[in-house]
Amino acid sequence: MPDTAERALHTRIARSVDAIRRSFVDNLFYVTGRTLEKATNLDLYTALAFTVRDRMLARMVAAEEIYHRRGAKTVAYLSAEFLLGPHLANNMLNLRVTDNVRDAMKGLNLDLDAILEAEQDPGLGNGGLGRLAACYMDSLATLEISATGYGIRYEYGIFEQTIKDGWQVEVADAWLRNGIPWELPRQHRYPVKFGGHVERYRDDERRERVRWIPESTIYGTAYDTPIMGYGVLNVNKLRLWKSEARESFDLQAFNVGDYYGAVNDMVTAQNISKVLHPNDEPEAGKTLRLRQQYFFVSCSLQDMIRLTLRDNGGVEHFAERFVVQLNDTHPAISIAEFMRLLIDEHLMDWDAAWALTRRSFAYTNHTLLPEALETWPVDLFQRTLPRHLEIIYEINTRFLDDARVRFLDEPARLARLSLIDEGPGNGERRVRMANLACVGSMAINGVASLHTELLKHTVLKDFHDMWPEKFRNKTNGVTPRRFIALANPPLARLFDETVGDAWLRDLGQLRALETRAADSAFQERWRAIKRVAKARLSDRIRRTCGVTLDPDTLFDVQVKRVHEYKRQHLNVLHIVSLYHRLRQSPTLDVTPRTFVFGGKAAPGYRMAKLIIKLINSVADVIERDSHVNKVLRVVFVPDFNVKTGQDIYPAADLSEQISTAGKEASGTGNMKFTMNGALTIGTLDGANVEIRAAVGEENFFLFGKTVEQVEATWASGYRPREVYERDPDLRDAIDLINSGLFSHGDRGLFRPLTDNLLDVDPFLVCADFRDYVDCQSRVDVAYRDP
Ligand code: F58
């Protein structure tokens, strides 16, 4: 590089306080067109984001170059969701410039925290699955592993949750409105076909080939977001696809006068990446979801094949250049798309293509709930992806031929293994995406030890019988960079001072804290740090909800998506029961508690929305009871997301992980609480099992039925109403809810919830109630001994 260019670059690389300050003022003027005097917090944020980004780009370019020279293999992490959380503070941390930036801002009389606050949470995911993808991206970058995340650049992410009269109200998340300083629009653009039909022809060598004549073709354009490793020079990227029509509109159609037709095509193309689908939505809108999945998978594979051809000379070298991880079944159509690209477009023969496919893909399963395993109606597939359906049939025929050799006289098993669910009688036939992923992958993993075991013995048992060697566990993890260092700086400081700073890359180093457990000065500091986090959260809640909390009470927290299997209503029943007991005996000696809830319900999930309403109604009534509210407080924090989570996890004394055993695949919030020093009250479910083993049984409030006991309960003809009749506390709690006390006298409002508990209780809330309440009493006692 010529000297002057290098010097010019240098002004955007230097990390001294002075250089950062000058760059910032420069960016403020030349990017936002504002001076310091006129700048809003959003302007200041934008200028600072560019200042930090400038310092990342040289590393990104260098990392690409190094990987290229080394011929490194790249992990392609295919995921329909990436829930990254705010970038600015994270990138400052990873670049290790936080202190200098803070000083630079101070020098300009600016408050860094207020600037950070202006960044919106980029919500391109629903919950755990999307956040896991983001944690993997952070970790891969820090471990200096070449990795690219591939996904969709949704125009609207997960809705923003507001609470009106206790009910959840969804607001559209127009996250692109103010521009995103982190993303780099790229020229890479790929066609993606839909619909139409398939033709056969003979090539020059008289071999039969297939041509897909689509009904429509749209295009995907790449937007890259750099993902920095912590304290290393490595930068990976997240490559998200935006859908577009070929041109902004079809000029030819315009010329023949069909202006609206042309505009319509444009709108149809743009719709594909328009909005993230909330989970647990009913069947409607599913066509668009299948199109979204195929869209991002096709763009991503075409991109990887381009890079393989560029770097390795031939598509047959794909597995030396990439390994593709499928984050659940949403990208499982990859298996068929990769086969199509190899066979139809790169003219490979079937056997070679199939062998390459099975060396290139691996599949992560995130659920045991049978209703959550994705299937698509064959009709819909035929209409949307006719060539892929053919390929899936062919894969299936060959696969079942193999399976038949092993399971000759087991038609029921073969029917379960089939990629096609034939449906009951003349019911609808469906394509089973998990089966496709299993057959096409070299490895299959669950996300916690218990979950992987259950997978092997329940939903994927037939595949496990066939290929036990493909199954392996990969217990989820979360990044300590974001969830300790960023979320809880005082705790990070204590860790640094006690065990050194290597824990940021190797969390096992925190074991060394154990030697200080009995040291009273250490204990004192630990408690002070928790107190600060609780005061900080209380402050935020006062500003956003107008409620003033007492940081000296026990903070009992449940934040996660609202779902019946996660049993927020079990938590509420405990609160109502406590409330009832306190009203009966005003002098009852309970440990003062603040119950904090947060979490979104899928917009179409009525029961989950009713649970939110119940939490808020109970909170209201208790708030107005001047006697009880001295010892009991309940607050629902609206719009739980990565950003609000960072304030909530550090403040918890007690972490609620109370799903019905066997239902939560892993959980990751459980880990975020634990690493911030909260104790867990929980069932033996998901990664709770491993957390309990790691922290020690004596530091875990265990309750509830085990997976085996859950099965036995169902097998013995469970009748929740009998539990209700027998347990006076449960009866009082449910009766109080039905009395109308929490619904302005409306006795019917919560009946769908309570009737469901008494008639069916699909998640054994009543069955686990007694054990949970008793366990909570042990929590009360423990908290009194600091
Ligand atoms: C979650 N799944 C699991 N799915 O529930 C949780 O136990 C696990 O810790 C986490 O994955 C990471 O492995 C999850 O979040 C979704 O949000 C899907 C999004 C697409 C629609 C169906 C639900």
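FYI, the numbering just counts along the sequence from 1. Note that the structure is a prediction, hence the values are computed from the model and not measured. Both ligands and their constituent atoms are indexed starting at 1 by order of listing.
For ligand 1 and His330, the ligand atoms under 4.0 Å from any heavy atom of the residue are 20 (C). Atoms of ligand 1 lying under 4.0 Å from any heavy atom of Tyr565, numbered from 1 in the order shown and given with element: 5 (O). For ligand 1, the atoms sitting less than 4.0 Å from at least one non-hydrogen atom of Asn476 are 8 (C), 9 (O), 12 (C), 13 (O), numbered in the order shown with element in parentheses. Each of the following atoms of ligand 1 lies closer than 4.0 Å to a heavy atom of Ala665: 7 (O).
In this structure, Phe338 has its ring center under 6.0 Å from that of Phe361.
For atom 4 (N) of ligand 1, the choice among Leu276, Leu129, Thr329 with the nearest heavy atom turns out to be Leu129.
No side-chain donor from either of Glu119 and His87 sits under 3.5 Å from a side-chain acceptor of the other. Neither side chain, Asn473 nor Ser449, offers a donor N or O lying under 3.5 Å from an acceptor on the other. Residues Tyr772 and Glu656 have side chains that bring a donor and an acceptor to within less than 3.5 angstrom of each other.
For the pair Gly127 and ligand 1, the shortest N or O to N or O distance does not fall below 3.5 Å. Taking distance alone, with nitrogen or oxygen atoms compared against 3.5 Å, Arg289 stays at or beyond that limit from ligand 1. When only interatomic distances are considered, the shortest N/O to N/O separation between Lys566 and ligand 1 does not fall below 3.5 Å. Of the polar atoms of Asn126, none of the N or O atoms is found under 3.5 Å from an N or O of ligand 1, judged by distance alone. Taking distance alone, with nitrogen or oxygen atoms compared against 3.5 Å, Leu132 stays at or beyond that limit from ligand 1.
Counting only distance, with no hydrogens or angles, the side chain of Asp761 and the backbone of Cys766 share a donor-acceptor pair below 3.5 Å. Lys470 contributes a side-chain N or O that, together with a main-chain N or O of Cys438, makes up a donor-acceptor pair within less than 3.5 Å.
When heavy-atom distances to ligand 1 are checked against a 4.0 Å cut-off, Thr367 has no atom that comes that close, whether in backbone or side chain. At a heavy-atom cutoff of 4.0 Å, ligand 1 is contacted by the side chain of Val447 but not by its backbone.
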Enumerate, atom names and distances included, each donor-acceptor pair closer than 3.5 Å involving a side-chain atom of residues 134-142, sequence neighbours excluded.
unit_1, atom_1, unit_2, atom_2, d
Asp138, OD1, Thr479, OG1, 2.9
Asp138, OD1, Arg481, NE, 3.1
Asp138, OD1, Arg481, NH2, 2.6
Thr142, OG1, Asp138, O, 2.9
Thr142, OG1, Tyr230, N, 3.0

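Using bins of under 30°, 30° to 60° and over 60° for the plane-to-plane angle, the ring pair Tyr565/His563 lands in the tilted bin.
Heavy atoms of Gly667 approach ligand 1 to within less than 4.0 angstrom. Remark: distances from the non-hydrogen atoms of Glu81 to ligand 1 include one below 4.0 Å.
Applying the salt bridge (charged side-chain N to carboxylate O under 4.0 Å, His left out) definition to pairs two or more places apart or across chains, those involving residues 431-448 are Asp421-Arg432.
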